[in-house]
Trainee: 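Here you go, one structure.
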Amino acid sequence: MHKKVLVSVAWPYVNGDIHVGHLSGYLLPADIFARYHRLRGDDVLMVSGSDCHGTPITVEADKQGLTPDQVVDKYHPNDVKLFKQYGFDYNLYTKTTTATHKRVTHEVFLDLLKNDFIVVDKMEQYYSPDDDAFLPDRYVEGVCPHCNAKDQRSDQCENCGRWLSDGELIDPVSKLTGNKVVLKETEHYFLDFEKLQSELRKFLDKNEGEWRNWVWKEADGWLREGLRKRAITRDMDWAIELPIDEIKKLPKEKQLNDFAGKKIYVWFEAVIGYLSAAQEWSESTGSEEKYTNDSGIVYRKTEDQSSDWKEWWLDSSSEHYYFMGQDNLVFHTLMWPGQLIGSQKGYTLPKNVFVNKFMNYEGKKFSKSRNWTIDSAKIAEKYGVDVVRYYIAANLPENKEANFTWEGFVDSVNNELVANLGNLINRTLKFFESKYNGEISLSDYEIDSNLQKEIDAAYRQAALLIEKGEIVNGLESIMKLARQGNKFFDENEIWQVIKTDKEKADQIMMDLLNLIINLATLMRPYLPFAATELHKMIVGDETDVQVDTDIWQSRYAQEFSLKSEVKILFQKLDREKVLEEREN
RNA sequence: CGCGGGGUGGAGCAGUGGCAGCUCGUCAGGCUCAUAACCUGAAGGUCGUUGGUUCGAAUCCAACCCCCGCAACCA
């Protein structure tokens, strides 16, 4: 019986290009996880989209002389294109600017407001009397009180690195107009986490031992410190507006004195995307199984899938998994669950929150501004998507920081992927092609019992590990089977046996081919393009993934025929040439 | 100051009480079906430091040193 699995992938912020760090942090592991579950016959809904609102977008817009929605329109299609290139198999990849997202955001807001988890409170904020407007911190600059550096932002001094709190900055002015700003008290809506504390405690305790240890402890640390009220509105044009008409129907104490300029703050709204995207997916209909519509939304719904979002969100047997980088840990382990709990609608809570640390680039942080980054599209184009997927998947920062190095890339690809897995497949198929003309059939064939044990163990091990989010170890258990395969090849010396004992050679050939088709399945979550190629060579069209059909298990054929000429799946990299990348 | 993570043979990592393991690299041998790929064997570690608990510690406790992330208006 299949499960409803929601694979929730963090929403990339669309103020720049996606680099290899993003891929390793959450995008690739989420795709591997989703692909695995589809092979198991689970009904997987994988959703995400572009996170479009907030100050960084407007900052980027100002810098480029564009409007915020032009910035979104510039980067969103790039991201979509990149995801297609990498084979990331979203059911819906949307944006936070859709009507559905706004509607659902309003629903969640009103639920929380009615349930008294959203309250009105006051805070001090920078205000420009001349412009009659409150300004976000990013738009206020002045003199750092610690080192006297000029033109520093009001939240952190870039010169001395110190964090500043409100009011510390000397002679604060608006970055836009140069007008003087002052701190002024203003009303905002706050999410009252103090009221959610005990429910969140229960939620965390239930997951102790299930989540990655460091993730749980980090969340636990935050919760033990005690969560405070957190503002969920701000003075900001580029944001989702409040549902003011609905709010005005509520009692006076649930209303702000002045709604002018107050919009929903991006952190509150972006995570709601997991819920709104599921609904948008449900509502969408398409004649094609997979398409990108005019607004650049990727949509995919297969015949065998349920199309009702409620089966994922309101059925307690559904399982929700989240993928993100460590900067998002608190939002997904505590804040978002808090929002769901406070809604009191019975929404499914996260079953596991897979948080990754960051991947560095040659020992230093990826940085767009310092031009220390790898173009995700280019590297895949140059060296092959699966080759890049392999290296990243083998080096995910699951428990500690990882490091992308060109030397590691070459060594890993050449000495592991190509030499071990690629070579096993190639030597088997080449032998089959030259000595058997690509045809074999053995009616009462049974696979070598030791090999069978190893194959079954690989399926079992990889399944166990991937389900726990140990994507790196899952890959290792597949590579282990390939190593065992090479050993089997050597020990059985088929190239000798075939000269003296055809019958015995046939048996070995069958064993090897059956090993290969099982490897083709095992590698599918990680190396989807190569797996498809391989499948085409020895089986024909790839078996369709179907809800309720579990193909994550060993299978053995009694005959094989090559469908095409044997091709090399992974090309060996030119070490010298790749290492030249370091110079750039 | 606070909340977390990490420190294990040349590199990357696993290992939370019982003779220190894996992948890669290195060295030696073998094989020749294969993308100079594959197989076998060997060398290589006082498990960050110091002290403690224990019959026994990489693993538990204490103190300390080094590296990294987060710190709530950069999601």
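A quick note: this is a predicted structure, and the numbers were derived from the prediction, not measured. Residue numbering restarts at 1 for every chain, and letters A, B, ... go by the order of the sequence lines. Only this structure's heavy atoms are used, side chains among them; waters, hydrogens and symmetry mates stay out.
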Trainee: Please confirm whether the shortest side-chain N or O distance from A/K487 to OP1 or OP2 of B/U40 is below 4.0 Å.
Mentor: yes
Trainee: Rounded to whole angstroms, how far apart are CE on A/M479 and P on B/C38?
Mentor: 10 Å
Trainee: Nearest to the side chain of A/I568, which nucleotide is it out of B/C31, B/U35, B/G2?
Mentor: B/U35
Trainee: So, is A/Y265 close to the B/A75 phosphate, meaning a side-chain N or O under 4.0 Å from OP1 or OP2?
Mentor: no
Trainee: Give me the ring orientation class for A/F432 and A/F560: parallel if the planes are under 30° apart, tilted from 30 to 60°, perpendicular past 60°.
Mentor: perpendicular
Trainee: May I ask which nucleotide in the shown strands pairs with B/C60, Watson-Crick or G-U wobble, both distances under 3.5 Å?
Mentor: B/G52
Trainee: Please determine whether a side-chain nitrogen or oxygen atom of A/R427 lies at a distance below 4.0 Å from atom OP1 or OP2 of B/U32.
Mentor: no
Trainee: Are side-chain heavy atoms of A/V215 and A/T333 found at a separation under 4.5 Å?
Mentor: yes
Trainee: Please determine if a side-chain N or O atom of A/N420 lies less than 4.0 Å away from the OP1 or OP2 oxygen of B/C38.
Mentor: no
Trainee: Using atom CG of A/N395 as one end and atom P of B/C24 as the other, report the distance to the nearest whole Å.
Mentor: 14 Å
Trainee: Heavy atoms under 4.0 Å, any strand shown: does A/E407 hit a base, just sugar-phosphate, or nothing?
Mentor: nothing
Trainee: Taking the side chain as every heavy atom from C-beta outward, state whether A/L562 and A/V566 have any atom pair closer than 4.5 Å.
Mentor: yes
Trainee: Give A/R228 one of three labels, base, sugar-phosphate or nothing, depending on what nucleic acid heavy atoms sit under 4.0 Å from its own.
Mentor: base
Trainee: Going by modelled atom types, is there a donor-acceptor pair between the base of B/G69 and the side chain of A/E401 at under 3.5 Å?
Mentor: no
Trainee: Base, sugar-phosphate alone, or nothing: which one does A/D51 contact when heavy atoms must sit under 4.0 Å apart?
Mentor: base
Trainee: Determine, answering yes or no, if A/W495 is stacked on B/C33 under the 5.5 Å centre rule and the 30° plane rule.
Mentor: yes
Trainee: Given that A/V271 and A/E476 both sit by RNA chain B, which one's nearest nucleotide is further toward the 5' end?
Mentor: A/E476
Trainee: Base, sugar-phosphate or nothing for A/A419? Non-hydrogen atoms, less than 4.0 Å.
Mentor: sugar-phosphate
Trainee: From B/C73, B/C39, B/A75, pick the nucleotide closest to the side chain of A/Q125?
Mentor: B/C73
Trainee: Evaluate the side-chain proximity of A/D51 to A/V14: yes if any heavy-atom separation is below 4.5 Å, no if none is.
Mentor: no
Trainee: My understanding is that a pair needs two contacts under 3.5 Å, Watson-Crick or G-U wobble. By that rule, which nucleotide pairs with B/C13?
Mentor: B/G21
Trainee: For A/N486, answer base if it contacts any base atom (sugar-phosphate contacts may also be present), sugar-phosphate if it contacts only those atoms, and nothing otherwise; contact means non-hydrogen atoms under 4.0 Å.
Mentor: sugar-phosphate
Trainee: Give one of base, sugar-phosphate or nothing for A/D327, where a contact means two heavy atoms less than 4.0 Å apart.
Mentor: sugar-phosphate
Trainee: Need the pair for B/A72. Rule: Watson-Crick or G-U wobble, both distances under 3.5 Å, any strand; none if unpaired.
Mentor: none
Trainee: Which of these nucleotides, B/U35, B/A14, B/A75, is closest to any side-chain atom of A/H332?
Mentor: B/A75
Trainee: Output the single nucleotide from B/G5, B/C70, B/C73 whose closest atom is nearest the side chain of A/K357.
Mentor: B/G5
Trainee: Using side-chain heavy atoms (C-beta onward) and a distance below 4.5 Å, is A/L183 in contact with A/Y126?
Mentor: yes
Trainee: May I ask you to evaluate whether A/Q326 reaches the phosphate of B/A75, defined as a side-chain N or O under 4.0 Å from OP1 or OP2?
Mentor: no
Trainee: Of the candidate nucleotides B/A37, B/G5, B/G30, which contains the atom at the shortest distance from the side chain of A/D490?
Mentor: B/G30
Trainee: Just compare B/A75, B/C3, B/A34 and give me whichever is closest to any side-chain atom of A/F331.
Mentor: B/A75
Trainee: Using a heavy-atom cut-off of under 4.0 Å over every strand shown, decide if A/N426 touches base, sugar-phosphate, or nothing.
Mentor: base
Trainee: How would you label the contact of A/F489 with the nucleic acid (heavy atoms, under 4.0 Å): base, sugar-phosphate, or nothing?
Mentor: base
Trainee: By the definition ring pair (Phe, Tyr, Trp, His ring centres under 6.0 Å), identify the one residue from A/Y361, A/W372, A/F404, A/F358 that meets it with A/F366.
Mentor: A/Y361
Trainee: By the 4.0 Å heavy-atom rule, please label A/I494 as base, sugar-phosphate, or nothing.
Mentor: nothing
Trainee: For A/E491, answer base if it contacts any base atom (sugar-phosphate contacts may also be present), sugar-phosphate if it contacts only those atoms, and nothing otherwise; contact means non-hydrogen atoms under 4.0 Å.
Mentor: nothing
Trainee: Looking only at the side chains, is there a donor atom on one of A/Y322 and A/W336 sitting less than 3.5 Å from an acceptor on the other?
Mentor: yes
Trainee: Compare side-chain N and O positions of A/R230 against OP1 and OP2 of B/C73 and report whether any pair is under 4.0 Å apart.
Mentor: yes
Trainee: Among side-chain atoms of A/N360 and A/E401, is any donor-acceptor pair under 3.5 angstrom?
Mentor: yes
Trainee: Using a cut-off of strictly less than 4.0 Å, decide whether A/K400 has a side-chain nitrogen or oxygen near OP1 or OP2 of B/A14.
Mentor: yes
Trainee: Quick one: is B/C3 close enough that its OP1 or OP2 comes under 4.0 Å of any side-chain N or O from A/K217?
Mentor: no
Trainee: In terms of the nearest nucleotide of RNA chain B, which residue is placed more toward the 5' end: A/E493 or A/N403?
Mentor: A/N403
Trainee: May I ask which nucleotide in the shown strands pairs with B/A37, Watson-Crick or G-U wobble, both distances under 3.5 Å?
Mentor: none
